Amino acid sequence: MVVTGRLAAVAGLLALLVTFVVPSLPGVLIATAVLAAALLFDLGSVGGAGDLTLSRQPLTTVRLGRSTEVELVATNTGARTLHGTVWDDWPDSACAENRTHQLDLAPATLVRFRTTLTPAYRGDRVAGQVTVRLIGPLGLAGRQSRRTVAARVRALPPFRSERLLRSKVKRLQHLEGRNVANMRGQGSEFDSFREYVAGDDVRAIDWRATARATDVLVRTWRPERHRHMLMLLDTGRVSAGRVGAGTRLDASIEAALLLGGLAAAAGDSVDLLAYDREPRAEVRGISGKSLQLKLMHAMAGITPALVDTDSAALVRAAIQRTRRRSLVVWFTTLDGAAVAENLLPVLPTLAQRHRVLIVSVTDPEVADAAARRATRADLYPAAAAESVLAERALVQESLRRKGIAVVAAAPDRLPEALADEYLELKQSGTM
């Protein structure tokens, strides 16, 4: 039973009545009886807790940085009007607003309560219990209970680079047959014949077709569709490093989403494996329009693990998942020590079977420090930054000599740089 503020006021008035008006013992008994009767009447008039049913959608999704409303449906299945308050409990990281709702519900009716959520970071937030306080008609007493109404809100990656997707898809369409270019290369598909013009590669001449025609004919090619791509997301401790406004992992997820959307438009199938010492998330065998949404849900709850990534186990897992030759896009770091200890010993095994592309997030503050030399205090940070940049350049060159492509850019530039590299691979016929 809940005793409200109104009851305290009534009790105070009765106390004054007993003290100054009816100071005799019978007066006290009368006042107590009146108060007890009021309480019993109010408590007996409160609707039963079982008369109120609560329901809502089990899962609500929202992009990080945006707000969404979670709807709680309250239905009165009893014969009495229900009065009271409903509190909808959510974790602090959900940044919930309008969690307290006033209840005034007639029999056989329902009401929809909406709580606004603005999650502070990616992943799932699980709703707490819903507290229901039903009050009698006099507002003197009531009943309070808690209900478990299962619900989650999932904060998906923000995917701010989605604005670039349309222009990249247009460029892809230009490459792959709507405006067919004369290209040769591993993995290209034959499109049609056309007449030879000065400057064409003589290796593109089809002599058999030329013998049947009056002109010299060359083959035109288009990038091969329905190829396979595997994205490897390093979720070890290096991915927890702060770069710009977020972590290395946040920037990698943003770039992976743009690449996945572009690959879906190209008709390629895409797998994703997030790994440190064990798989953290996985998407397999998805293509088409559903790919991007699958990737967003898979990567929504990934967080960096403060352990060193087992690169050998990651490569074994990648080889098990990709039997045919594929493009393997590995999101990791290009720090000299990490490359020497973790990448170089295992990359040859992976590169023998697949085309490998290393993607790394660079820290824009390092480049800024290398260029800032206005005062004497700037010289030491500039020298240290130059050393980091020189080491990174040596690492990239050593990887390129092994036939491994590298994309390294600041967080705001990485998605577009990776998309451009993918399109270059398509244009050259190597993807």
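The residues of the chain are indexed from 1 along the displayed sequence. From a predicted model like this one, the values you see are computed outputs, not experimental measurements.
Rounded to the nearest 0.5 angstrom, Arg321 CZ and Leu232 CG are separated by 9.5 Å. A distance of 10.0 Å separates OG1 of Thr116 from CZ of Arg114, quoted to the nearest 0.5 Å.
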Begin with the C-alpha distance, continue with both residues' side-chain angles, and end with the deciding distance and a verdict on side-chain contact (heavy atoms from CB on, under 4.5 Å) for Met231 and Leu273. CA-CA 6 Å; Met231 293 191 290; Leu273 177 62; over 6 Å; no

Between Asp124 and Arg154, does a salt bridge (charged side-chain N to carboxylate O under 4.0 Å, His left out) hold up when you go through it step by step? CA-CA 4 Å; Asp124 288 1; Arg154 177 170 295 168; 2.8 Å; yes

Give the C-alpha distance, both sets of side-chain angles, the deciding distance and a yes or no for side-chain hydrogen bond (donor to acceptor under 3.5 Å, both in side chains) between Asp271 and His228. CA-CA 8 Å; Asp271 290 353; His228 181 257; 3.0 Å; yes

Mind running side-chain contact (heavy atoms from CB on, under 4.5 Å) on Ile319 and Leu350 for me, showing each step along the way? CA-CA 7 Å; Ile319 293 175; Leu350 191 61; 4.2 Å; yes

Kindly determine whether Asp268 and Arg227 satisfy side-chain contact (heavy atoms from CB on, under 4.5 Å), including the steps that lead there. CA-CA 5 Å; Asp268 296 335; Arg227 300 297 299 273; 3.5 Å; yes

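Under the 4.0 Å criterion applied to side-chain N and carboxylate O atoms, Asp335 and Arg392 are not assigned as salt-bridge partners. The pair Asp368-Arg372 fails the salt-bridge criterion, with no side-chain N (NZ, NE, NH1 or NH2) lying under 4.0 Å from an Asp/Glu carboxylate O. Ion pairing between a basic and an acidic side chain is recognised when a charged N comes within 4.0 Å of a carboxylate O; Glu421 and Lys426 show no such pairing. A salt bridge does not link Arg80 with Asp51: every distance from a Lys NZ or Arg NE/NH1/NH2 to an Asp or Glu carboxylate oxygen is 4.0 Å or more. For Arg284 and Glu282, the salt-bridge test passes: some basic side-chain N is under 4.0 Å from an acidic carboxylate O. Taking a cutoff of 4.0 Å between a charged side-chain nitrogen and a carboxylate oxygen, Arg56 and Glu71 do not qualify as a salt bridge.
Although no hydrogens or angles enter the test, the distance criterion places no donor-acceptor pair under 3.5 Å between the side chain of Glu162 and the main chain of Leu258. Proximity of a side-chain donor or acceptor of Arg152 to a complementary backbone N or O of Ala127 within less than 3.5 Å is not detected. No side-chain donor-acceptor contact under 3.5 Å links Ser326 to the backbone of Thr322. Side-chain N or O atoms of Asn342 include none that pairs as donor or acceptor with a backbone N or O of Val339 at under 3.5 Å.
Across all non-hydrogen atoms, the minimal contact from Arg63 to Pro158 is NH1-O, 3.3 Å. Nearest heavy-atom pair, Ala274 versus Thr235, reported as atom, atom and distance to 0.1 Å: CB-CG2, 3.9 Å. Counting all heavy atoms, side chain and backbone alike, Ala408 lies closest to Gln396 at CB-NE2, 3.7 Å.
Heavy atoms of other residues, nucleotides or ligands lying less than 6.0 angstrom from CZ of Arg237 number 12 at most.
In this structure, Arg125 is positioned above the aromatic face of Tyr121, its NZ or CZ under 6.0 Å from the six-membered ring centre and within 45° of the axis.
Note on residues 406-420: pairs passing salt bridge (Lys or Arg N to Asp or Glu O under 4.0 Å), not counting sequence neighbours, are Lys168-Glu416, Lys168-Asp420, Arg171-Asp420, Arg413-Glu416.
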Taking distance alone, no hydrogens or angles, what donor-acceptor pairs closer than 3.5 Å link side-chain atoms of residues 99-107 to residues at least two apart or in another chain?
{"unit_1": "Arg99", "atom_1": "NH1", "unit_2": "Trp90", "atom_2": "O", "d": "3.4"}
{"unit_1": "Thr100", "atom_1": "OG1", "unit_2": "Trp87", "atom_2": "NE1", "d": "3.4"}
{"unit_1": "His101", "atom_1": "NE2", "unit_2": "Asn98", "atom_2": "O", "d": "3.1"}
{"unit_1": "His101", "atom_1": "NE2", "unit_2": "Thr115", "atom_2": "OG1", "d": "3.3"}
{"unit_1": "Asp104", "atom_1": "OD1", "unit_2": "His83", "atom_2": "ND1", "d": "3.1"}

